[in-house]
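Report on one structure; see the data block that follows.
Counting starts at 1 for both ligands and their atoms, in listed order.
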Amino acid sequence: MSEIRKVRGFQDIYGENAKKYRFVSDTARKIFKKYNFQEIILPYVEDVSLFIRSVGEATDIVQKEMYVFEDKGGRKVALRPEGTASAVRAYIEERLYAKGGYHKLFYEGAMFRYERPQAGRYRQFHQIGAEIFGVDTPLADAELIKMVKDILDELGIQVRLEINTLGDFESRKKYIEVLKEYLKKHEEELCEDCKSRIERNPLRVLDCKVETCKQITKKAPSLIDFLSEESLQRYEKLKEYLKSMNIEFIENPRLVRGLDYYTDTVFEFITDKIGAQGTVAAGGRYDTLVQQLGGPPTPALGFAAGIERLMLLVENLPEEEPLTTVIPITSDFNIQAIETADKLRKKEIKTELLLKEGSMKSKMKLANKLGSKYVVFVSEKPELKDMETGEQEVFENIEDLIDVVTKKVKEV
Ligand code: HAM
C-alpha cells in the first residue's frame, strides 16, 4: 500500500523540535504571566469577512493566502491567517470593553497561510501573540516591545529591532495619495508586483526587495513629512523610553508591515541567520481597528512571533530532569514494579516503567537507549543502579530505595 504523506507546507513537530516548541511556548507564557497578560483561546475558523475587513482586502494574505471554504451550512469561513482579527472580534463580541480599564490578552496556536513553503515559512505555522486594548500611551508601546525583548532574551536569541511610525489614519491617507501619484509617474520602472500594488496597496511598494523598486522608492516622498504633531511626539517618546530601557533599535522608514490595520508605531524583530524569512516577531498599533469592526473607539496594539522561526534560533534547551527506569527482574514482580513506578511518580520523579518482556540484557539495553540515569530493579531485595557511574546499591525495602533516588534526582 502506498504511504500517505503530509500536505505540502504542513509539518510534524516531534523529538528535539517538539522540545524546542515547548521551550519557546513555555518561555513566552512565563513572561506573559509576569506582565499580567490573560490568556484567550480563540477559534481557528472565522467568518471570512473578519479578515477582509481587518487584515485588508488588498493585502497578499487576503488576496492570495487564505484557506477559505464553505462549511456544510453554506457559511463562507476561513482558517485564521493571524490572531489579531480574532482577538478584536472577541473583544467586541464578549463586551470586554464594558468591564472598563484596559485589557491585556495573549494567545497561542496554529495560523494558516497559503504561501510558498521555504525555510522558516510554512502553510501551517504557530504564533504566540499578545494584544493590549484600551490604552493609547506611548508607554504601552514601549512596554510591549520590552516584553517581546524579554521573551527573546530568555530564549537566548539575539535579533535586531526595527521601528517605524505610520502616523494616524488621516495623515497616512494624505500620504498614500501623494505616494500613489509619485509611483504612477514611475510605473514603467517598477516590478510587476509593485505595478499592481500602486492602486491596491502602495505602501507595500516601499518594502519591495527588488533593486529597481528600491531605487525608485528611495526618492519617493517620505511619510515622516506627513505626520501630525501628535504622531511625531508619540514616536519621539517611544524612542526615549526604549533608550531608557537600553533597548537598541534601528529606525527603518521603509518598515510598513503586510497588514492594513496598523497606525502609528510598527516594529519588527529581525535576524539574518535564518535566510529570507528573518522576521521572528512583529507588531504595532492599530487604533482604528476595533471601531472598524463595529466596536467602540478603542486604541490597541499587539505583536505576534512565529514559533517555528524562534525554534530555528534556539540553540540551548534547558537541561532535562533525569530519567529513572523501573525494571521488574521477572514478570512475578510486575505488580510491585507498577507500585514502585507509581510511588516514584507521586514524588514528581520522571519514571519509565519498562514495558517490554525479555532477558535482563535486553532490558538493560533498552533502559540505556531511553537515556535512563537511574535503574530500579524490583525483586525481593530492590536494587538501585546509577547508569553513569555504574554504582549499584541493594536495599532492604523499596521505601528506602525511593527515598534515596528521590534525594539524588532532586539534588541535581
Ligand atoms: P505577521 O507579521 O503577519 O503579523 O506575522 C507575525 C509573525 O508570524 C512573523 O513575524 C513570523 O515570525 C510569523 N509568520 C508569519 N507567516 C509565517 C509563515 N508562513 N510561516 C512561519 N511563520 C510565519 C501578524 O500576524 C500580526 N497579527 C501581528 C500583530 C499582533 N500585530 C498586532 N498584533
* Asked: For ligand 1, which part of Tyr261 has a heavy atom less than 4.0 Å away: the side chain, the backbone, both, or neither?
  -> side chain
* **Side-chain donor/acceptor of Asp264 to backbone N/O of Arg285, under 3.5 Å** => no
* Heavy atom under 4.0 Å from ligand 1: found in Gln277's side chain, backbone, both, or neither? -> neither
Return all side-chain donor-acceptor pairs below 3.5 angstrom for residues 347-357, not counting sequence neighbours, or 'none' if the list is empty.
residue: Lys350; atom: NZ; partner: Glu320; partner atom: OE1; Å: 3.3
residue: Lys350; atom: NZ; partner: Glu321; partner atom: O; Å: 3.2
residue: Thr351; atom: OG1; partner: Ile349; partner atom: O; Å: 2.9

* Any idea which protein heavy atom is nearest atom 21 (C) of ligand 1, and the distance to it? -> Gly120 O, 3.3 Å
* To do: Using distance alone, with no hydrogens and no angle criterion, decide if Thr217 and Arg254 have a side-chain donor and acceptor under 3.5 Å apart.
  => yes
* Asked: Quick one: nearest non-hydrogen protein atom to atom 31 (N) of ligand 1, plus distance?
  -> Tyr262 OH, 2.6 Å
* Asked: What residue and atom, counting heavy atoms only, is the protein's closest point to atom 19 (N) of ligand 1, and at what distance?
  -> Glu115 OE2, 2.6 Å
* Name the closest protein heavy atom to atom 27 (N) of ligand 1, giving the residue it belongs to and the distance to 0.1 Å. => Glu82 OE1, 2.5 Å
* Where does Gln127 meet ligand 1, judged by heavy-atom distances below 4.0 Å: at the side chain, the backbone, both, or neither? -> side chain
* Asked: Passes ring-ring contact (aromatic ring centres under 6.0 Å, His included), Phe133 versus Tyr91? Steps please.
  -> CA-CA 8 Å; Phe133 294 103; Tyr91 175 80; 4.3 Å; yes
* Identify the protein heavy atom lying closest to atom 18 (C) of ligand 1, giving its residue, its atom name and the separation to 0.1 Å. => Phe125 CD2, 3.4 Å
* Any N or O of Thr279 closer than 3.5 Å to N or O of ligand 1 -> yes
* **Donor + acceptor pair across side chains of Ser54, Gln292 (<3.5 Å)** => no
* Asked: What protein heavy atom sits nearest atom 2 (O) of ligand 1, and how far off is it?
  -> Arg257 NH2, 2.8 Å
* Asked: Would you say the side chains of Asp225 and Tyr175 form a donor-acceptor pair under 3.5 Å?
  -> no
* Asked: To the nearest 0.1 Å, how far is atom 13 (C) of ligand 1 from its closest protein heavy atom, and which atom is that?
  -> Gly306 CA, 3.6 Å
